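Before any comments, here is the structure.
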Number of protein chains: 4
Amino acid sequence: MANDYSANVPIYLQIINEIKLKIASGEWKTGQRILPVRELAMQFTVNPNTMQRALAELEREGLIYTERTTGKFVTSDDILVSNVRDMLAREYMQSFFSSMQKLGYNMGQTMKIIEDYVTKYKEGK
Amino acid sequence: MANDYSANVPIYLQIINEIKLKIASGEWKTGQRILPVRELAMQFTVNPNTMQRALAELEREGLIYTERTTGKFVTSDDILVSNVRDMLAREYMQSFFSSMQKLGYNMGQTMKIIEDYVTKYKEGK
Amino acid sequence: MANDYSANVPIYLQIINEIKLKIASGEWKTGQRILPVRELAMQFTVNPNTMQRALAELEREGLIYTERTTGKFVTSDDILVSNVRDMLAREYMQSFFSSMQKLGYNMGQTMKIIEDYVTKYKEGK
Amino acid sequence: MANDYSANVPIYLQIINEIKLKIASGEWKTGQRILPVRELAMQFTVNPNTMQRALAELEREGLIYTERTTGKFVTSDDILVSNVRDMLAREYMQSFFSSMQKLGYNMGQTMKIIEDYVTKYKEGK
DNA sequence: GTGGTCTAGACCACC
DNA sequence: GTGGTCTAGACCACA
């Protein structure tokens, strides 16, 4: 049996995911300037180096770019952002179906549960 | 420095979830005797004290009971198990919809994505 | 006129190039274990973090891989190494021809100079 | 901590090389008057003192001479310029062969690579 | 004031 | 002892 009791997910990876979500969801708009590294670090209560590392990684993925001495910006590539958003949605969905499967629900049963939930949600609203 | 990044989730909590999942999914059947603590601890490659703590917690929730001198058993209360299973499914589902909402998909859009996914899944199969 | 009086090339980039050369030239053989990060850092008289960064980059390029708790190894992919070697050779060559062009030699003239040089070299030997 | 990583090459040395190249390549013609130090300094976006130092060095090497009250001129000694040009070419070439050797190519292999490259270059053109 | 880099020193998980 | 991560604090180039 494989045993990996959650070795702490590195902070910089958690930050990467958080920011990726902000960009994908449009909370950080394409082309928009982002806060200075040091301010971001304070906002996330993290060391500037850690933030720097996270942003460097996001830059490698193309979600952020740097203008020397001016600052960092969200990419202006709407298609890229859209792809990231789709990819995240897909990950969430697959993870959800996988969890349901572990609980013993096959896809059809899972769909039924979802539909019931949505129906009740609409009525409740 | 105080920060809000996931300090390790205590191992005993992780184990509780694992076992709860085994019971809810039927991998551990109702009324079935479970292995001695020490063996379970080995199986999970965990300290026996940690396993003991997890089992105690599960017992408080009624999912496990102890017969002195005989050992520990999964509850025989099928309804309780069924409720736990439903509850977990509900948690997964709410968490999923919540994530999708953070990504900017409302419930209708999310449903559409799910249906597309399921359709493609069936075709692919 | 563009002015960029060599801002120091970052040490970690210099190290990357040095190590890449060692691997491409076969001084570090494919599959061979490399020294621990901290020892390498001492050998290069550099901070361990700097060495770590360089090695991480090389790992992203596939030239190095890590076995947890065991150490780091040169890739076993001979083809990859061969490609890197070819690429470096090509870079050197293009840089050379480019320099000669700046000096006012076209490709034919450059070839002539090379051949003279090689001829003399052989005679001298 | 002492280490052997390229501390910035002094700017005046970089400028010397740049100007030497201009003279050797004929961009600055023999006997031609060169701009006043202050204008050159501006062109190179460099402190006038730095430019002065570079020109003084070039004068010591005979590539430049000063006529009091008139200004500075490129040497009229075509043979000297030609020699400098040859010497630079030779340096580039030796540096190139040396790099290739470090990569593990002997002179014959290097020649083969050059010829392949030139052949493809001509076809491509 | 901006990002980028480097050092020093520490802690952690894994074996 | 191995790699990986994090913090703190410093320095640099560029504009």
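Owing to the predicted nature of the structure, the values given are computational and were not obtained by experimental measurement. Just so we're on the same page: letters track the sequence lines, and every chain starts at 1. For the numbers below, each heavy atom of this structure counts, side chains included, while hydrogens, waters and symmetry mates do not.
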Test A:Thr50 against A:Phe44 for side chain to side chain contact (heavy atoms under 4.5 Å, CB included), laying out the working first. CA-CA 10 Å; A:Thr50 304; A:Phe44 285 71; over 6 Å; no

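- In DNA chain F, consecutive stretches of 3 or more Watson-Crick or G-U wobble pairs with both distances under 3.5 Å are given as paired ranges: E:1-14 with F:1-14.
- Annotation: the span from B:Ile23 atom CD1 to B:Gln32 atom CD amounts to 9.5 Å, rounded to 0.5 Å.
- Residues forming a ring-ring contact (aromatic ring centres under 6.0 Å, His included) with A:Phe97 (at least two apart in sequence, or on another chain): B:Tyr117.
- Listed by first and then second residue, the ring pair (Phe, Tyr, Trp, His ring centres under 6.0 Å) pairs that reach into residues 52-82 of chain A are A:Tyr65-A:Phe73, sequence neighbours excluded.
- Looking at A:Asn49, its side chain comes within 3.5 Å of the base of F:dG9 through a donor and an acceptor atom.
- Residues passing the side-chain hydrogen bond (donor to acceptor under 3.5 Å, both in side chains) test with D:Asn47 are D:Asn49, sequence neighbours excluded.
- When the ring-ring contact (aromatic ring centres under 6.0 Å, His included) test is applied to A:Phe96, the partners found at least two apart in sequence or on another chain are B:Phe96.
- The list of salt bridge (charged side-chain N to carboxylate O under 4.0 Å, His left out) pairs with a residue in residues 55-84 of chain A, not counting sequence neighbours, reads A:Lys20-A:Glu61, A:Glu57-A:Arg60, A:Glu59-A:Lys72.
- Within the 3.5 Å criterion, the main-chain N or O of A:Ser95 finds a donor-acceptor partner in the side chain of A:Ser99.
- Distance CD1 (D:Ile11) to C1' (F:dC14): 13 Å, rounded to an integer number of Å.
- Closest to the side chain of C:Gln52, from the set E:dG4, F:dG3, F:dT7, is F:dG3.
- Contact annotation for C:Thr69: base contact, defined as any heavy-atom pair under 4.0 Å involving a base atom.
- The ring pair (Phe, Tyr, Trp, His ring centres under 6.0 Å) pairs that include a residue from residues 17-42 of chain C number zero, where partners must be two or more places apart or lie in different chains.
- Atom pair C:Phe44:CZ and E:dT7:P shows a separation of 13 Å (rounding to whole Å applied).
- Whole-Å rounding puts the C:Met42 CE to F:dT2 C1' distance at 16 Å.
- For the salt bridge (charged side-chain N to carboxylate O under 4.0 Å, His left out) condition, no pair includes a residue of residues 28-44 of chain A, sequence neighbours left out.
- In this structure, A:Arg53 reaches the F:dT5 phosphate: one of its side-chain N or O atoms is under 4.0 Å from OP1 or OP2.
- Dashed line: the shortest gap from a side-chain N or O of C:Thr50 to OP1 or OP2 of E:dT5 is not under 4.0 Å.
- Of the residues in residues 31-38 of chain A, those lying under 4.0 Å from DNA chain E by heavy-atom distance are A:Arg33, A:Pro36, A:Val37, A:Arg38.
- Taking only side-chain nitrogens and oxygens, C:Thr66 comes nearer than 4.0 Å to OP1 or OP2 of F:dG4.
- The CZ atom of C:Arg68 sits 12 Å away from the C1' atom of E:dC15 (whole-angstrom rounding).
- With sequence neighbours left out, B:Tyr12 forms a side-chain hydrogen bond (donor to acceptor under 3.5 Å, both in side chains) with B:Arg53.
- One can place CG of A:Leu13 at 7 Å from P of F:dT5, the figure rounded to the nearest angstrom.
- A heavy atom lying under 4.0 Å from DNA chain F marks none of the residues of residues 56-65 of chain A.
- In this structure, C:Lys72 does not reach the F:dG1 phosphate: none of its side-chain N or O atoms is under 4.0 Å from OP1 or OP2.
- Rounded to a whole Å, the CD1 atom of A:Ile15 is 13 Å from the P atom of F:dT5.
- Regarding contacts with the backbone of E:dT5, a side-chain N or O of C:Tyr12 is found under 4.0 angstrom from either OP1 or OP2.
- Distance CG (A:Leu40) to P (E:dT2): 11 Å, rounded to an integer number of Å.
- Sorted by first and then second residue, the salt bridge (charged side-chain N to carboxylate O under 4.0 Å, His left out) pairs involving residues 81-96 of chain C (not counting sequence neighbours) form an empty list.
- Summarising the geometry, the separation between CG on C:Asn47 and P on E:dA10 is reported as 13 Å, rounded to the nearest angstrom.
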